[in-house]
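So you know, we letter chains A, B, ... as the sequences are listed, proteins then strands, and number each from 1. Below, all heavy atoms of this structure are taken into account, side chains as well, without hydrogens, waters or symmetry copies.
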2 protein chains.
Amino acid sequence: MRRFATIKDIAKALGISVATVSRALRDAYDVSPQTRKLVLEKAEEMHYKPNFNATGLVKSSTHKIGVIIPAITNYYFSTVITGIQEVAQSKGYNIILYITNDSPELEKKIVYDLSLSSLDGLLACVSSPSDACKHFQELIDDGLPVVFFDRVPEEINISKVMQDDYNGAYQAVKHLIEKGYEKIAHITGPKGVFLTENRLRGYQDALQDHNLALDNKWVVYSGFSQKDGESDVAQLFTENLKTPDAIFAVNDRKAIGAMVALKRKNIRIGAEVGVIGFTNDPICEIISPTLSTVAEPAYEIGRKSCELLLTHIKKSTFIGEEVVLSGELIVRESTSRV
Amino acid sequence: MRRFATIKDIAKALGISVATVSRALRDAYDVSPQTRKLVLEKAEEMHYKPNFNATGLVKSSTHKIGVIIPAITNYYFSTVITGIQEVAQSKGYNIILYITNDSPELEKKIVYDLSLSSLDGLLACVSSPSDACKHFQELIDDGLPVVFFDRVPEEINISKVMQDDYNGAYQAVKHLIEKGYEKIAHITGPKGVFLTENRLRGYQDALQDHNLALDNKWVVYSGFSQKDGESDVAQLFTENLKTPDAIFAVNDRKAIGAMVALKRKNIRIGAEVGVIGFTNDPICEIISPTLSTVAEPAYEIGRKSCELLLTHIKKSTFIGEEVVLSGELIVRESTSRV
DNA sequence: ATTATTAACGAGAACGTTATCGAAATCACC
DNA sequence: GGTGATTTCGATAACGTTCTCGTTAATAAT
């Protein structure tokens, strides 16, 4: 059994009380400079490190925040986490990582097993469809500060941080139209997710505002992965008599899947079929042709979410706030007709 | 101040003792089925969740393991973490993430501030050069189970999990030679890192075994990033009268940087200059030409590291073990002369 | 009927820390 | 030199759990 130096050991070694040691290690408002110095030296010598279980127990605050996220093996999420981590670390908070693998069941289990009392707050990007977030609602009702980011549930009234999906999508589609594409398809994520619904609305409104017809056959729902992008395109080009001349993908990974599928069909990207994504994954600049996209402020979303959560934790009366960060259209080769 | 239902609240509500409630919530060896049922129902009703600070305090085990890693925004590290996380989660452990940004100073600070008593173990991929790992040694001396992965310090005698860097590098260079490349340069990481030294040795031995001369001018040391790869190639092609006809990069990101630099110089990759990397980042298959590489078992390294740490935690007498997982040569277009 | 055995539960200490309260000891002040 | 204020410190109760003992009541064995 491991045993580390405690405050008691220091007290015994110096022949003073634990209360004095405790004071010396924190604020020195009630301890003489001499004993304070003695204590600090002894602590250093004995490799003393505070036991956060004990402090957490008595102060009922743990300086730990949970982060629930579908995956981390992609640019967007890993960048968001980096932002979260930086803010948390600078304020003395640790982050505990939970990965749901985009499985609503696993998410539910994780949230249900979550020990409220060993977490000061929670950041979450949900995998479940918006209408099935009871498990989160319970946490919030029990008083745990929660901030949602990116994929946020619609009904829950609490702080949310997200990019401007609607306008980003609108800009992307408007760009396609301005480039002269007219038969624009959209490959999106699963139904019932707030984020995808917003991008879909942006797509639809951009088409309507420019007098282009909506066709439900040109909207393909599936998952978020590259493979999904490939199969979506396969579907688009077999099912329809009229094939699209441009594709707006819900994210870069699906856009890349689309490009792979198009290349396989020997369709020239840009010249014959324009492709635009959403995220601005670094891969956009490396793939050939380079991929136009809407840059998401991933890092900023991470930072902002964490900052918001920390103010939530500080003052429990804090009211929910919705932060929308805007993206930026980035034009590259995949939407160039020449 | 938040207050959650505790074991005491359940006891009071049911008019029984806390000891009985505690027993009912864990093993039922000493409690009647009826009261057990009552307790479980009440716990459910009151949204009771165990307080891990309290359990951690009394059992002096926290079910938390720290993970120290330079970054997470790349394929290799995020995949390793996913592997770690899966094993940890399945065994009821949580992971706490520390990101060092490849800064030895930050790493030192993190390790120094680490509370031993609030962690059951530590997984670390070091940023510091091998000879400056005193901060880790202290932790280990104090009795914290530690497992190093990927970038491991040389002297510290403790469990380590890594890929077979030497043989991977050897295979990569041997492949280049077999393809007919003769003037093979190596762009590597910083000096004094175990991993890069091993890959360098593999490079050197492969050349020697095939009767090719070593030239120190063709080994460029710098960082691990894509930008570093670009500048390394710039350096290679300006400083040398004889320019190389192949480049072995210490990782895929640098290989991609090299490709970018070569393309800028209008040098045809493969035909004129072969390029091979190390990692098997998914981007290898997306970039054009596709990038040959040595696949690292990132996911397996994460899983194995975590498994090893957990056995360490279980039996404190466990002796350090070195695990070397082998990679796999993957041949693609960037090393094809046609 | 008496004793041993078991099943079911309660009382209380312990884990390492902070917080409250009070007790000395020192100091200043008139 | 007595009073009050201040400085410095110690005792002790909490925080929520588990664990070690007891204790009681019911059951089994003689």
What pairs of nitrogen or oxygen atoms, one from the protein and one from nucleotides 23-28 of chain D, lie under 3.5 Å apart?
none

Are any of the side-chain heavy atoms of B:Thr82 and B:Glu86 separated by less than 4.5 Å? yes

Are B:Arg151 and B:Asp102 close enough for a salt bridge, meaning some N to O gap below 4.0 Å? yes

Counting heavy atoms from C-beta on, name the nucleotide in D:dG10, D:dT18, D:dC21 closest to the side chain of A:Thr20. D:dG10

Using C1' atoms of five pairs at each end, report the bend of the helix from C:dA1-D:dT30 to C:dC30-D:dG1 rounded to 10 degrees. 50°

By nearest-nucleotide position on DNA chain D, the 5'-leaning member of B:Lys49 and A:Arg36 is A:Arg36

Check B:Glu105 with B:Lys109, please: is the shortest side-chain N to carboxylate O separation under 4.0 Å? no

Bounded by its outermost nucleotides with an atom under 4.0 Å from a heavy atom of chain B, the footprint on DNA chain C reads C:dA8 to C:dG16

List in chain and number order the residues that pass side-chain contact (heavy atoms from CB on, under 4.5 Å) with B:Glu307, two or more places apart in sequence or in another chain; answer none if no residue qualifies. B:Val87, B:Arg303, B:Lys304

Qualifying residues under side-chain hydrogen bond (donor to acceptor under 3.5 Å, both in side chains), relative to A:Asn51, sequence neighbours excluded: none

Between B:Arg26 and D:dT18, is there a contact of a side-chain N or O with OP1 or OP2 at under 4.0 Å? yes

Give the C-alpha distance, both sets of side-chain angles, the deciding distance and a yes or no for side-chain contact (heavy atoms from CB on, under 4.5 Å) between B:Ile95 and A:Ile96. CA-CA 6 Å; B:Ile95 76 172; A:Ile96 299 185; over 6 Å; no

Quick one: sort the A:Tyr93 and A:His63 rings into parallel, tilted or perpendicular, breaks at 30° and 60°. parallel

Quick one: is A:Ser32 getting a side-chain N or O under 4.0 Å of the D:dC9 phosphate, OP1 or OP2? yes

Any N or O donor-acceptor pair under 3.5 Å from the base of D:dC9 to the side chain of A:Asp30? yes

Side-chain donor-acceptor contact under 3.5 Å, B:Gln163 with B:Tyr76: yes

Take the protein atom NZ of A:Lys59 and the nucleotide atom C1' of D:dC15, then report the distance between them rounded to whole Å. 13 Å

Residues within residues 10-18 of chain A bordering DNA chain D, heavy-atom distance below 4.0 Å: A:Ile16, A:Ser17

